[in-house]
Number of protein chains: 2
Amino acid sequence: MDKPSNTADDILAAARTFIVAGGYNGFSYADIAEVIGIRKASIHHHFPSKVDLVQTLVRRYLEDAVAGMTELERNVPEPPELLRTYAGFWAQCIEDASRPFCVCALLASELPALPPEIAAGVRAYFQFLSGWLTGVIERGAAQGTLTISAAPRVEAEAFMATVHGAMLSARAYGDVLTFGMILAPTLQKLIPTTD
Amino acid sequence: MDKPSNTADDILAAARTFIVAGGYNGFSYADIAEVIGIRKASIHHHFPSKVDLVQTLVRRYLEDAVAGMTELERNVPEPPELLRTYAGFWAQCIEDASRPFCVCALLASELPALPPEIAAGVRAYFQFLSGWLTGVIERGAAQGTLTISAAPRVEAEAFMATVHGAMLSARAYGDVLTFGMILAPTLQKLIPTTD
DNA sequence: CGAAAACTACCTACTAGTAGGTAGGTAGCG
DNA sequence: CGCTACCTACCTACTAGTAGGTAGTTTTCG
């Protein structure tokens, strides 16, 4: 457990909150400095440039996702329950406003205007998530625990798109329950014999 | 046909392109001035503030959507074909890069950081689109031309979310065909006896 | 052990450049 | 004339980033 500095983590956490709210161009070093109580020059000590900061954030976001999915699959082996848990995770984050949006989904929306290093990180996240979902759906279809009407890869992309779009809608309506409402029928179509 | 000035329209078109690329904070008056060949002070003559500009853009975007859907329903009365045409419209826009993202979907992603007047316009667009889709799906279900497994409103929200999420994915992968690939099974699940 | 050297984390003070916006003037036209 | 559309020239506030300094801690080594 390396805990060399708490400040770097605080900066990353603050940056994540700002990006989730307003995107890459929606915050400045001054904003971060104010909320965590240091001077903005000190942020440059931890992250020389804004690109370094967001790049680190995106890389760690992907690492956490990989670790989270690995852990999830150890505890919850059944594909239907995996999809439900994944959707439930975001439903919870949105409902308690702790992480009301996926950082990479948000950054993807402004991808053409992003520094290339960050764009690459965002792409990597999409590829990982899509790959993981494809594997889960493939396994579920083979077992008969999931019903699919297209190739696993296509079903996975559609599922991921619905999750990201539902985040957008939840935000647009300002209603935290919208996400769960949208995901319910999406899950139902994939999972037979529900209820 | 009021055509009082071409410049104001040019400014709006440039702003739309910039917003679609990088969001509200991803462009400046200087950027617009450069591409359309006037000085940035002249933009203030047409749109006193950036909020005015984007507010006008969003309002007109909604007006165009309302007009477009009304026109569409006159030409294409069948619900399955309406959904297919709507999805096909965006597939085309993304494939020829003419309008590779919905302005309001993009602005929704940074909604918490948006000036309130603009946020309200974005919300209005989501409400209109959701309402229109709900009507189409309701009619299709009553006619038996669409198969639904949840309330029309919920199916409409899920469909809209998938469309928006698919835009995100198309952008993340940098592959213009991703959108159509995702929408195909989504439409198939709603439309029986396809093929 | 203890002093010197090096490193960490922060600071003040500054830079060049850009943001949105304003003041005031001018060219062309009905 | 008065209006529209544009201009030059400017403003203030803020952007990311730099220079250089200072405490306090850690490492190195005689």
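It should be emphasised that the depicted structure is a prediction, and the values quoted were computed from it without experimental measurement. Just so it is clear: chains get the letters A, B, ... in the order the sequence lines come, proteins before strands, and each one is counted from 1.
Here A/H46 does not reach the OP1 or OP2 of C/dT8: none of its side-chain N or O atoms lies under 4.0 Å away. The phosphate of D/dA5 (OP1 or OP2) has no side-chain N or O of B/T7 nearer than 4.0 angstrom. Distances shorter than 4.0 Å separate none of the side-chain N or O atoms of B/S42 from OP1 or OP2 on D/dA5. In this model, the phosphate group of C/dC10 is not approached by any side-chain N or O of A/H45 to a distance below 4.0 Å at OP1 or OP2.
The side chain of B/S28 lies closest to C/dG20 when the candidates are C/dG20, C/dT22, D/dT15. Closest to the A/A41 side chain, of the nucleotides D/dG17, D/dC7, D/dT18, is D/dT18. With D/dA16, C/dG21, D/dC7 as the choices, the nucleotide that has an atom nearest any side-chain atom of A/H44 turns out to be D/dA16.
Rounded to an integer number of Å, the gap from B/N25 CG to D/dA16 C1' is 15 Å. The CG atom of A/D31 sits 17 Å away from the P atom of C/dA19 (whole-angstrom rounding). If you measure from atom CD1 of A/I11 to atom C1' of C/dC10, you get 11 Å, rounded to the nearest angstrom. Remark: P of D/dA9 and OH of B/Y29 are 22 Å apart, rounded to the nearest angstrom. Rounded to whole Å, the distance from CG on A/D52 to C1' on D/dT18 is 15 Å. Note: NZ (A/K40) to P (C/dA13) measures 14 Å, nearest angstrom. Rounded to an integer number of Å, the gap from A/R39 CZ to D/dG20 P is 21 Å. With rounding to whole Å, B/I43 atom CD1 is found 13 Å from D/dA5 atom C1'.
In terms of heavy atoms, B/I94 sits closest to B/P100 at CG1-O, 3.8 Å.
For the residue pair B/S98/B/Q92, the side-chain donor-acceptor check at 3.5 Å is not satisfied.
No engagement by A/F47 is indicated, since no non-hydrogen atom pair under 4.0 Å with the nucleic acid exists.
No hydrogens or angles were tested; on distance alone, nothing pairs the side chain of B/K50 with the base of C/dA19 as donor and acceptor under 3.5 Å.
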Should B/T7 and B/D10 be marked as a side-chain hydrogen bond (donor to acceptor under 3.5 Å, both in side chains) after you check the CA-CA gap, both sets of side-chain angles, and the distance that decides it? CA-CA 5 Å; B/T7 307; B/D10 290 349; 5.2 Å; no

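The ring of A/H164 has its center closer than 6.0 angstrom to the ring center of A/F126.
Between A/F159 and A/V136, the closest side-chain pair of non-hydrogen atoms is not below 4.5 Å.
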